[in-house]
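For reference, the structure discussed in these notes is given below.
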Number of protein chains: 2
Amino acid sequence: MAKRVTISDLAKELNTTTSTISRALRNHPSISISMRKKVSELAKQRNYQVNSMAANLRSGKSMTIGVIVPHINRDFFANVISGIEEVAKKEGYSVVICQTKDKIEKEKKCIETFLRTRVDGVLVSVGLETDTFDHLDQVKKMNVPLIFFDRVQESSNSMSIVNDDVEGSFQGVSHLLDEGYKRIAIFAGPEHINIYRNRKQGYLNALDKRGIKIDKKLIVFNNLSYDAGVESIKELMKLQNPPDAIFSSSDYCAVGALHWLKTNGYKIPEDIGIVGYSNEKFTSFISPSLTSIDQHSLEMGRYSAKTFFDLIKSDKKDIILNSLSINPKLIIRESSKRKRI
Amino acid sequence: MAKRVTISDLAKELNTTTSTISRALRNHPSISISMRKKVSELAKQRNYQVNSMAANLRSGKSMTIGVIVPHINRDFFANVISGIEEVAKKEGYSVVICQTKDKIEKEKKCIETFLRTRVDGVLVSVGLETDTFDHLDQVKKMNVPLIFFDRVQESSNSMSIVNDDVEGSFQGVSHLLDEGYKRIAIFAGPEHINIYRNRKQGYLNALDKRGIKIDKKLIVFNNLSYDAGVESIKELMKLQNPPDAIFSSSDYCAVGALHWLKTNGYKIPEDIGIVGYSNEKFTSFISPSLTSIDQHSLEMGRYSAKTFFDLIKSDKKDIILNSLSINPKLIIRESSKRKRI
DNA sequence: ACAAATTATGCAAACGATTGTTTGAATATT
DNA sequence: AATATTCAAACAATCGTTTGCATAATTTGT
């Protein structure tokens, strides 16, 4: 392994010390302008690059933030990551990514790694399985800033950047009602995850507001996958009084239902209306295109990162208050646009 | 910032030295079993966690690999990353991700960061803009293993993990011919990117093999975006002798064309057949579902990482030979299944 | 012109591990 | 009993920076 140029190589060559070089490179005011120029020129010439490992060890900061998501390859998370990376890069930070595939074991492993590598902060969206939080408490105990986005640990008093999911599904369901649908079913997710519980709540609220009685048969809990959508719609359509619209807490699950309905002769949106959640990219590609709820994922990522930087720059007094709830946006497409009856 | 427990805290408590602790924790054979047990117990009790910054500085390895992709939120890349992360994690390595959005400037920034943070290796898929390679040469000059995947720098003698894109598009186009399509157009991408050049080549080969004359009007260069697909198909259909099938080097571009065709009254696959490339998730969701070419992205990620680990474990003599070309797989869906004429 | 303030640089101790080289004790060999 | 071999642990240097403090050189104030 070829030796890389170090700060002391440069120091020798300029007949000065490492401290001067170090300061010069970082534009420390106590170094004369002329010296700074000499140093930075030599550095460029010798192709010097700071050894972050050393710098970080000494300064106690890793200039790295760890991000934990269930799935990298979901538009929503990919966009959040994108947003995080964007602002992190601007601040000179790197982003390390860890994927849990919704497994709590993997989530724990991620945390361990992050703690070992001394990331300066952890941004996390917890997995479906996650119903115990020792691993996350660890992070706080170690005094590492912990920020939740989207799927949060509610028992924690950490900051969190979330959508107003109640509002989102309220809008989605209200829209279906506006379009004249009468019996709206919901694909609901695990109750212990805030976002799914909230989405169900929004559904309930919307029906409630119009004085529509809740029919428990129309509330279907599943794991929100494509396959689950297929299975659930099958069951629903067997009811003697089947729904005329589906509000799904996930786009994937919605598409499963949509496909089953199409191949079984139902017309969408004429016979059945569908609204999904998350505004995945494919929602605009499929046919009929799927009405969905956009979560401003990129913004959420940006804001999560921004919150982290605000936090570490602050005097850690005004910690608690800048949690944020972002308003989601209903994107109306074909799957729910029925002519009014 | 609360002080974390260090190796020397443990040493003091056990009346021994840091070297013994360090070795004990790593199960070094020259430490007695009893000692190892004592140490690991205390470590657990005190909740000790190795400070990777220090360990890495001393050992000269960052236990980190840097991955550069154009877009995180493309199924293909997300899956590759997934594969990389999977095997990296198994080897105790972290994955740092950098997104270039196809901009060469961002690509350069990524490389700089990676060099500073002393990643142990760089896995990269170059951006559309990338036509100069100084920044990548830098990596090799610094003796950091560099491995290309999918979009490679061909002038380099670095290892690369790619698809056999010539074969992939050969199959795609041959399939269209088998289905009875006669005038097949291609959406081709930038010629300086290996994959797009190869995909075009496969197209040419397939036509050639059947003795079909190439019509230059049917070869359309664009940036392969959705919008480009819309624009290009518009132009193509204005020809006095328009195509009856499209082979697109990208799924996104294919969908753009597909939508335009649908909304303009063309029947797919009856009037026009379409084949895309990459097997993005949405290809199976859209209607008609899109025939595409699967690139075994997850495998590609795994293999890229595996190649890296093989490399650093070897004596660096058998470096050159394990580049790999993975055979893509044609996934036939509705958009190209025309009844034979 | 002399003490005081300012500016620029050097010194040396960290940061927290890893690792090559002793050392000392215990065990084996002859 | 004297020497050689093993085993386990200690010593000390090192990785490449950053940073508080001391110092030398220069400028300023009066």
Side-chain angles (χ1 to χ4, degrees), chain A residues 1-40 42-43 46-64 92 115-120 142-143, chain B residues 1-40 42-43 46-64 92 115-120 142-143:
Chain A
M1 191 64 60
K3 278 273 169 296
R4 315 265 270 262
V5 180
T6 75
I7 219 176
S8 64
D9 294 336
L10 301 182
K12 257 172 229 153
E13 225 176 317
L14 289 181
N15 253 315
T16 178
T17 62
T18 61
S19 49
T20 301
I21 302 286
S22 171
R23 291 187 173 112
L25 287 171
R26 284 171 303 144
N27 268 305
H28 188 112
S30 79
I31 303 293
S32 65
I33 304 281
S34 67
M35 187 54 143
R36 289 188 222 171
K37 227 182 104 190
K38 261 203 303 189
V39 171
S40 75
L42 183 66
R46 293 278 173 277
N47 195 18
Y48 168 79
Q49 287 150 169
V50 177
N51 182 329
S52 304
M53 297 198 277
N56 295 342
L57 171 61
R58 175 59 228 244
S59 64
K61 299 192 300 172
S62 65
M63 303 299 283
T64 281
L115 251 25
R116 242 189 297 115
T117 56
R118 302 294 197 263
V119 297
D120 292 338
M142 289 297 163
N143 250 300
Chain B
M1 188 67 57
K3 275 273 169 294
R4 315 266 268 262
V5 180
T6 74
I7 217 176
S8 62
D9 295 336
L10 301 183
K12 257 172 229 153
E13 227 176 315
L14 290 180
N15 252 312
T16 176
T17 61
T18 62
S19 49
T20 302
I21 302 286
S22 171
R23 291 189 169 110
L25 287 171
R26 285 170 302 143
N27 269 303
H28 194 282
S30 80
I31 303 293
S32 65
I33 303 281
S34 66
M35 188 55 149
R36 288 189 222 172
K37 230 183 102 188
K38 262 204 303 191
V39 172
S40 75
L42 183 67
R46 293 279 173 278
N47 195 17
Y48 169 79
Q49 286 150 170
V50 177
N51 182 328
S52 303
M53 297 198 278
N56 295 341
L57 171 60
R58 175 57 232 246
S59 65
K61 300 192 299 175
S62 65
M63 302 299 283
T64 282
L115 251 23
R116 245 188 295 116
T117 56
R118 302 294 197 263
V119 296
D120 292 337
M142 288 297 163
N143 250 299

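Heavy atoms only: backbone and side chains are in, while hydrogens, waters and symmetry mates are out. Given the structure is predicted, the values throughout are model-derived calculations rather than measurements.
Counting any heavy atom pair closer than 4.0 Å across all strands shown, A:S22 reaches a base atom. Using a 4.0 Å heavy-atom distance criterion, B:D9 is classed as making no nucleic acid contact. A:S52 comes within 4.0 angstrom of nothing in the nucleic acid, heavy atoms only. Contacts of B:S30 with the nucleic acid, taken as non-hydrogen atoms under 4.0 Å apart, include base atoms. Heavy atoms of B:L57 sit under 4.0 angstrom from at least one base atom. Among the atoms of the strands shown, only primed sugar atoms or phosphate atoms (P, OP1, OP2) are found under 4.0 Å from some heavy atom of A:M35. In this structure, A:S19 reaches the bases: a heavy-atom distance under 4.0 Å links it to at least one base atom across the strands shown.
Here the closest heavy-atom approach between residue B:D9 and residue B:R4 is recorded as OD2-O, 4.0 Å. Here the shortest heavy-atom pairing between B:Y48 and B:I7 reads CE1-N, 3.6 Å.
Side-chain atoms of B:R58 and base atoms of C:dT18 include a donor and an acceptor less than 3.5 Å apart. A donor-acceptor contact under 3.5 Å is not formed by the side chain of B:R116 with the base of D:dG16. Scanning atom types as modelled, one donor and one acceptor separated by under 3.5 angstrom connect the side chain of A:R23 and the base of C:dG10.
Among the nucleotides D:dT19, C:dA17, D:dA10, the one closest to any side-chain atom of B:A55 is C:dA17. The side chain of A:N51 has D:dG16 as its nearest neighbour among D:dT18, C:dC11, D:dG16. Nearest to the side-chain atoms of B:T20 among the listed nucleotides D:dA10, C:dT19, D:dT18 stands D:dA10.
In this structure, B:T117 contributes its side chain and A:S52 its backbone to no donor-acceptor pair below 3.5 Å.
Checking A:T18 against A:I33, the closest nucleotide of DNA chain C that is more toward the 5' end is the one next to A:I33.
Taking atom CG of residue B:N56 and atom C1' of nucleotide D:dT14, one finds them 15 Å apart after rounding to whole Å. The separation between B:N27 atom CG and D:dA9 atom P is 13 Å, rounded to whole Å. Distance, A:K61 NZ to D:dT17 P: 17 Å, rounded to whole Å.
Side-chain contact check for B:T20 and B:T17: at least one donor-acceptor pair (N or O, by modelled atom type) lies under 3.5 Å.
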